[in-house]
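Reading through the structure tokens given below for one structure.
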Number of protein chains: 2
Amino acid sequence: MKKKENRVSIRHVAKLAGVSVSTVSRVLNHPESVSDELREKVIRVIEECRYRPNQIARSLRTGLTKVVGFVIPDITNPAFLLMVKGAEDYLKKKGYSFIVCGTDHSAKEESRILRALMAQNVEGIIITCSGGQRSELANLLRHLGLKTVFMDRRYERIDAPYVGVDNAGGVEKMADYLIETGHRSFAYLCGERTTSSARERLQGFINSMQKNGVTNYEILYGQFTFESGYELVRKFKKIPEAVMGGNDLVALGAIVALSELGYRVPDEVSVVGFDDMFYSKYSKPSLTTVRQPIYKMGFEAGKVLWKLLSGGRMQQKEVILPTEIVLRETVRQR
Amino acid sequence: MKKKENRVSIRHVAKLAGVSVSTVSRVLNHPESVSDELREKVIRVIEECRYRPNQIARSLRTGLTKVVGFVIPDITNPAFLLMVKGAEDYLKKKGYSFIVCGTDHSAKEESRILRALMAQNVEGIIITCSGGQRSELANLLRHLGLKTVFMDRRYERIDAPYVGVDNAGGVEKMADYLIETGHRSFAYLCGERTTSSARERLQGFINSMQKNGVTNYEILYGQFTFESGYELVRKFKKIPEAVMGGNDLVALGAIVALSELGYRVPDEVSVVGFDDMFYSKYSKPSLTTVRQPIYKMGFEAGKVLWKLLSGGRMQQKEVILPTEIVLRETVRQR
DNA sequence: AACGTTTTTGAAAACGTTATCTAAATTCAT
DNA sequence: ATGAATTTAGATAACGTTTTCAAAAACGTT
């Protein structure tokens with residue numbers, strides 16, 4: 001049996017190549033500054049003994065870990081992970097690795113995670129915060145001095161870049177469409193108001209109502225879940241001609257509650273969502289909804305973080321992506 | 001403006017507390033070995049200046065990073081992430097942090113990721129491998145000497161612990177049930193045969209057929225996707241009385257294909273799935289399926305990895321979790 | 001009071017890199 | 001050729017910890 005599989009270090013390489021440690025390091029980091037002869041020799045040795053620089057030692061020395069963190073409310077929600085994937089796809093080309101953490105929607109867990117990330121010396125984070133405007137988060141971020149970009153959900157208490165979608169614009173457009181197609185009474189099923197997205201979407205709804213002079217509407221508050229949509233329907237004062245879900249999940253929940261109550265969708269009630277999540281096109285009837293570019297949002301957030309990390313000054317504090325309405329079967333055609 | 005927010009190091013603490021660096025380190029790692037007096041003084045200082053040990057330096061010194069990696073085929077699939085969450089919930093109590101990587105079902109990407117993980121000096125990994133029995137993976141793992149546990153999908157070419165569910169048993173039980181309830185002809189819609197789960201489930205189906213002496217069945221091969229279920233139905237030689245999906249997604253796909261073809265589920269054809277994913281209970285009609293304890297599987301995998309990391313010898317190379325059949329609306333009652 | 005034991009502390013050496021600084025070698029202009 | 005300017009290479013000092021080793025202090029025992 002071999003002695004013990006001790007990782008090969010830069011020293012071994014130096015010795016084998018008959019050069020100094022410095023030279024090997026230079027070959028790795030500033031190859032142009034070493035003569036062709038030595039460079040080739042060193043490279044050969046590196047490949048022969050399959051040397052890989054120890055990232056830990058490198059980090060300690062340079063202070064740079066080439067790791068970024070993601071903080072999202074729910075590690076089990078495909079939407080958040082699609083964002084993460086977008087950001088990763090951009091950032092991995094720049095040589096970064098990733099730690100992704102879920103907070104279970106808990107502010108306390110969020111703080112814990114942020115500290116842990118800091119102890120791991122991540123260079124920066126992309127965060128979709130766990131709702132609320134708790135000052136705790138602001139203080140922590142400020143104190144840790146962590147480069148941060150907010151994604152999908154705003155956090156006003158701190159001056160960091162934000163990338164999201166045009167929530168208000170999206171539902172406003174959809175509400176306009178519903179009015180155009182002859183719907184006259186509405187219900188809006190709002191998600192957690194502690195999140196900026198819920199507030200913005202609600203605002204979009206209100207904007208459309210006011211702009212079009214319709215007053216026959218009802219707003220119910222709940223969460224961004226299927227169950228919430230299901231329950232909220234049963235609290236309607238009066239069944240409206242159109243119900244708008246805060247996202248696809250609540251819209252789907254609303255649809256089954258409605259059909260259990262004996263209302264046919266879309267013949268008697270139209271229902272729309274927001275997200276265009278995977279399943280929406282397969283549900284029966286397939287869901288008319290506002291599509292948001294989730295992956296793209298992550299990708300853009302990645303870009304922004306990279307700009308932050310590479311020291312470039314931010315020209316814009318926000319990037320807001322457009323949404324698109326996708327027409328399917330849950331809206332009655334007149 | 002302050003000088004520059006230089007992180008406070010163990011040296012600062014030592015100086016402020018009027019003790020040596022060693023003592024501070026000991027307070028952190030072997031508190032019992034330092035006198036009460038000094039220990040308290042040091043702890044006070046640590047808290048006052050909010051000192052947090054630099055994990056990087058610590059890792060360099062000890063060779064231990066307190067980080068484990070997860071490698072899964074698709075970072076966007078809630079099922080995989082629920083497993084990950086299970087493992088994290090166990091392992092975070094032991095002080096670990098996590099890197100989770102998706103391979104996009106690509107063996108090549110998988111290799112790349114494994115190397116990257118190694119360069120990050122993760123202490124171990126939990127992997128749901130990207131299908132196939134490519135020797136590449138075995139070689140890599142062997143060469144890297146990474147502590148590994150396989151989750152959900154077996155990989156026979158290497159002698160590492162495996163935690164999964166009783167795939168064969170689950171579908172066998174379900175098939176038995178379908179036979180009991182009077183179904184006489186079957187179709188099995190198999191997922192990627194490069195995965196052990198697909199093979200085991202198929203085997204369970206065949207076991208039941210043989211045991212019960214039924215020969216009137218058809219096996220179709222595809223993927224673990226909604227679309228695959230949808231397409232496979234159109235290739236039936238003859239519509240069977242019961243179709244079993246390799247997972248819920250393909251079952252759901254089969255249901256819509258079937259209803260588009262004019263067959264009513266469950267009155268004319270029964271359909272069952274495997275997984276009991278989130279949406280299955282809400283689909284219309286709600287899906288009868290085999291539930292597997294996804295979160296628990298991850299949790300157990302976490303346990304096993306921890307045993308590996310803390311040097312304990314594995315008493316068992318495998319942990320196989322039981323499945324449970326959940327009866328809903330897609331099976332005709334006689 | 002003298003001596004061995006044990007406990008508590010500090011100095012210093014690692015861990016594997018990169019960066020700074022100086023010495024040697026080369027090039028270039030006279 | 002000579003000296004100045006430039007390029008190339010090596011020694012060495014960090015980075016922030018933990019651990020080893022030895023010294024100092026405390027404690028018993030005679």
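Chain A is the first sequence line, chain B the second, and so forth, proteins listed ahead of strands; every chain is numbered from 1.
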TODO: May I ask you to verify if any side-chain N or O of B:Ser9 is less than 4.0 angstrom from the OP1 or OP2 atom of D:dG16?
DONE: no

- [ ] For B:Val19, report the nucleic acid contact type (base, sugar-phosphate, nothing); a contact means any heavy atom under 4.0 Å.
- [x] sugar-phosphate

TODO: Rounded off to whole Å, could you give me the CG-to-C1' distance for the A:Leu28 and C:dT18 pair?
DONE: 10 Å

TODO: Write down the distance between CD (B:Glu32) and P (C:dT9), rounded to a whole number of angstrom.
DONE: 13 Å

TODO: Report the distance from atom CZ of A:Arg58 to atom P of C:dT18, rounded to the nearest whole Å.
DONE: 5 Å

Open item on the list: Quick check on DNA chain D: between B:Arg61 and A:Leu60, whose nearest nucleotide comes earlier from the 5' end?
Closed with: A:Leu60

TODO: Write down the partner of D:dT30 under the Watson-Crick or G-U wobble criteria, each distance required to be under 3.5 Å.
DONE: C:dA1

Open item on the list: Could you tell me the Watson-Crick or G-U partner of C:dA19, where both distances fall under 3.5 Å? Say none if there is no partner.
Closed with: D:dT12

Task: Protein-nucleotide distance (B:Tyr51, atom OH; D:dT18, atom C1'), rounded to Å - done: 10 Å

Open item on the list: Please pick, from C:dG16, D:dT19, C:dT18, the nucleotide with the shortest atom-to-atom distance to any side-chain atom of B:Ser25.
Closed with: D:dT19

Open item on the list: Please pick, from C:dT18, D:dG16, C:dA11, the nucleotide with the shortest atom-to-atom distance to any side-chain atom of B:Ser22.
Closed with: C:dA11

Open item on the list: Using heavy-atom distances to pick each residue's nearest nucleotide on DNA chain C, tell me which of B:Ser35 and A:Val24 is more 5'.
Closed with: B:Ser35

Open item on the list: Testing the 3.5 Å rule here: is there a donor-acceptor pair between the side chains of B:Ser111 and B:Glu136?
Closed with: yes

- [ ] In plain terms, say whether B:Glu318 and B:Arg154 are close enough for a salt bridge, that is, a side-chain N and a carboxylate O under 4.0 Å apart.
- [x] yes

Task: Shortest side-chain distance from A:Thr62, nucleotide among D:dG16, D:dA11, C:dT18 - done: C:dT18

TODO: Give a yes/no answer on whether the side chain of B:Thr23 brings an N or O atom under 4.0 Å of OP1 or OP2 in C:dG10.
DONE: yes

TODO: Take atom CD1 of A:Ile46 and atom P of C:dT17, then tell me their distance rounded to the nearest Å.
DONE: 10 Å

TODO: Could you tell me whether A:Lys85 and A:Glu88 have a side-chain N and a carboxylate O separated by less than 4.0 Å?
DONE: no

Task: Nucleotide C:dG16, atom P - distance to CZ of A:Arg52 in whole Å - done: 17 Å

Open item on the list: Just N and O in the side chain of A:His30: are any of them under 4.0 Å from OP1 or OP2 of C:dT18?
Closed with: no

Task: Sugar-phosphate only, base, or nothing, as touched by A:Ile56 at under 4.0 Å among non-hydrogen atoms - done: nothing

Open item on the list: Whether the side chain of A:Arg26 and the base of D:dG10 hold a donor-acceptor pair under 3.5 Å is what I'd like checked.
Closed with: yes

Open item on the list: Between A:Ser130 and A:Thr103, do the side chains contain a donor N or O and an acceptor N or O under 3.5 Å apart?
Closed with: yes

Open item on the list: Output the rounded distance in Å from CZ (A:Arg11) to C1' (D:dG10).
Closed with: 13 Å

Open item on the list: Can you tell me which nucleotide in C:dA11, D:dT18, C:dG16 comes closest to the side chain of B:Ile10?
Closed with: D:dT18

- [ ] Answer yes or no: does a side-chain N or O of B:Asn29 lie under 4.0 Å from OP1 or OP2 of D:dT18?
- [x] yes

Open item on the list: Ignoring hydrogens and geometry beyond distance, is a side-chain donor-acceptor pair present between B:Asp89 and B:Tyr295 at under 3.5 Å?
Closed with: yes

TODO: State whether B:Glu109 and A:Lys92 are salt-bridged, where the test is any N-O pair (Lys NZ or Arg NE/NH1/NH2 against Asp/Glu carboxylate O) under 4.0 Å.
DONE: yes

- [ ] Would you kindly give the CZ-to-C1' distance between A:Arg39 and D:dA9, to the nearest whole Å?
- [x] 14 Å

